[in-house]
Amino acid sequence: MPSDSRLRRRLSARAREEWLAVGVATLSGAVVLFIALAVFPYHSTNHDEGVYLLQAALLLEGQLELHAGGLAEAFRPWFFVEDGGRLYSKYSPVPAAMYAVSMALFGEPRVTLALVAAGNTALVYVLAAMAFDRQIGVVAAAAFAFAPMTLMTSSVFLPYAPTTVFNLAFAVAYLRSYRSGSVPAAIAAGLLIGTAFF
């Protein structure tokens with residue numbers, strides 16, 4: 001049985017590591033928001049960004065398609081397919097729906113980029129803490145958050161960072177269900193990985 005002082009030291013170390021993880025995740029979101037605003041104010045050269053933002057705008061209007069009529073053959077947006085005068089995006093609406101939420105709430109889709117970056121960083125911490133310990137979790141979260149690939153892919157309107165949220169959340173839920181036998185965690189894991197694949 002650990003002594004009271006040892007228990008207090010453990011609890012304070014745990015609280016310190018958890019606060020460090022929160023700080024790293026928050027900083028990650030702030031840095032991604034800064035990069036999105038300062039480096040990519042007019043988006044990247046990847047035309048797919050426009051597809052996701054157009055999809056987000058359509059979702060906010062309750063639409064899944066553009067009604068172009070006879071103009072559908074004369075003009076077609078990037079990565080849309082035509083069917084009887086209607087234009088449909090070739091991409092899954094999941095990332096677009098995530099961007100649409102911050103467009104509706106804040107009028108700025110880049111808020112989603114920051115929240116996704118912070119969420120990914122927090123989930124890396126949780127996963128590494130579950131697999132190893134909290135100290136390794138903080139180091140893993142920082143290494144992930146500030147890797148150039150993470151920063152660049154999280155700062156643009158592409159599906160990679162949003163899909164990573166679902167993949168990491170799946171891994172956390174799956175590990176929790178495996179260790180504890182929790183049926184709700186197993187169901188959550190299935191839903192999360194299904195969403196990631198979708």
Side-chain angles (χ1 to χ4, degrees), residues 13-61 77-79 89 91-173 192 195-196 198:
R14 176 181 178 167
R16 183 182 66 245
E17 287 149 4
E18 288 177 352
W19 277 110
L20 273 172
V22 168
V24 169
T26 304
L27 184 59
S28 169
V31 169
V32 162
L33 185 60
F34 172 78
I35 292 171
L37 290 167
V39 178
F40 300 115
Y42 304 108
H43 311 301
S44 71
T45 57
N46 190 323
H47 299 300
D48 293 353
E49 282 194 275
V51 178
Y52 287 108
L53 291 173
L54 178 56
Q55 269 187 298
L58 287 170
L59 290 172
L60 287 176
E61 294 175 4
W78 176 265
F79 259 80
S89 170
Y91 294 141
S92 160
V94 175
M98 295 171 73
Y99 302 139
V101 171
S102 62
M103 288 168 72
L105 294 176
F106 308 105
E108 176 53 73
R110 288 177 179 90
V111 174
T112 295
L113 300 179
L115 293 175
V116 164
N120 277 331
T121 302
L123 286 165
V124 166
Y125 164 75
V126 172
L127 188 59
M130 290 173 75
F132 300 100
D133 62 41
R134 288 181 191 86
Q135 286 180 332
I136 291 174
V138 171
V139 173
F144 170 83
F146 302 110
M149 183 66 80
T150 300
L151 292 172
M152 290 303 107
T153 57
S154 298
S155 301
V156 293
F157 295 100
L158 296 173
Y160 310 116
T163 303
T164 302
V165 166
F166 293 108
N167 283 322
L168 287 169
F170 155 75
V172 169
L192 288 162
T195 304
F198 178 65

*Asks:* Is F34 atom CZ crowded by more than 12 heavy atoms from other residues, nucleotides or ligands, each under 6.0 Å away?
*Replies:*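 No, the 6.0 Å shell around CZ holds no more than 12 heavy atoms from other groups.
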
*Asks:* Any side-chain to backbone donor/acceptor pair from Q55 onto S89? Under 3.5 Å, distance only.
*Replies:*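 It does not hold such a pair.
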
*Asks:* Please check this pair: side chain of T150 against backbone of F146, looking for a donor-acceptor N/O pair closer than 3.5 Å.
*Replies:*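 Side chain of T150 to backbone of F146: no pair is present.
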
*Asks:* How far apart are the closest heavy atoms of P162 and V116, and which atoms are they?
*Replies:*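 For P162 versus V116, the nearest heavy atoms are N-CG1, 3.8 Å.
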
*Asks:* So, for A104 and L60, which heavy atoms are closest and what is the spacing to 0.1 Å?
*Replies:*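 Result for this residue pair: CB-CD2, 3.7 Å.
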
*Asks:* Which side-chain hydrogen bond (donor to acceptor under 3.5 Å, both in side chains) pairs, counting each pair once, include a residue from residues 106-123, with sequence neighbours left out?
*Replies:*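 Listed once each, the pairs are S28-T121, S102-T112, E108-R110.
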
*Asks:* Does a side-chain heavy-atom distance below 4.5 Å link L168 with V124?
*Replies:*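 Yes, at least one pair of side-chain atoms sits under 4.5 Å.
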
*Asks:* Would you say that E18 contacts V22 through its side chain, given a criterion of any heavy-atom pair below 4.5 Å between the two side chains?
*Replies:*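 No, too far: nothing below the 4.5 Å cut-off.
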
*Asks:* Exactly one of V51, N46, L113, T153 should register a side chain to side chain contact (heavy atoms under 4.5 Å, CB included) with L158. Which one does?
*Replies:*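 That would be N46; it is the only one of V51, N46, L113, T153 passing the side chain to side chain contact (heavy atoms under 4.5 Å, CB included) with L158.
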
*Asks:* Measure from the side-chain N and O atoms of E49 to the backbone N and O of V156, and report whether any donor-acceptor pair falls under 3.5 Å.
*Replies:*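 No; zero donor-acceptor contacts below 3.5 Å.
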
*Asks:* Within the 4.5 Å heavy-atom criterion, are V39 and S155 side-chain neighbours or not?
*Replies:*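 No, their side chains stay 4.5 Å or more apart.
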
*Asks:* With rounding to the nearest 0.5 Å, note down the distance linking OG1 in T26 to CH2 in W19.
*Replies:*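 Output value for this atom pair is 9.0 Å.
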
*Asks:* What pair of heavy atoms forms the shortest contact from V138 to Y125, and how long is it?
*Replies:*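 Reported closest heavy-atom pair: N-CD1, 3.5 Å.
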
*Asks:* L151 and A145: which non-hydrogen atoms are nearest, and at how many Å?
*Replies:*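 Between these two residues, the closest heavy atoms are CD2-O, 3.3 Å.
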
*Asks:* What are the two closest heavy atoms between A173 and L192, and how far apart are they?
*Replies:*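 For A173 versus L192, the nearest heavy atoms are CB-CD1, 4.3 Å.
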
*Asks:* Show the nearest heavy-atom pair for residues A117 and V32, with the distance to one decimal.
*Replies:*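 Smallest heavy-atom distance, with atoms named: CB-CG2, 3.5 Å.
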
*Asks:* What distance separates R134 CZ from L20 CG, expressed to the nearest 0.5 Å?
*Replies:*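 CG of L20 is found 12.5 Å from CZ of R134.
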
*Asks:* Do the side chains of M98 and F157 get nearer than 4.5 Å, heavy atoms only?
*Replies:*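 They are not in side-chain contact.
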
*Asks:* Within a strict 4.5 Å, meaning less than it, do heavy atoms of the Y91 and D48 side chains meet?
*Replies:*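 Sidechains of D48 and Y91: in contact.
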
*Asks:* Between OG1 of T164 and CZ of F170, what distance do you get to the nearest 0.5 Å?
*Replies:*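 Nearest 0.5 Å value for the OG1-CZ distance: 14.0 Å.
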
*Asks:* In terms of ring plane angle, is the pair Y52 and Y99 parallel, tilted or perpendicular, where the classes change at 30° and 60°?
*Replies:*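 Correct class here is perpendicular.
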
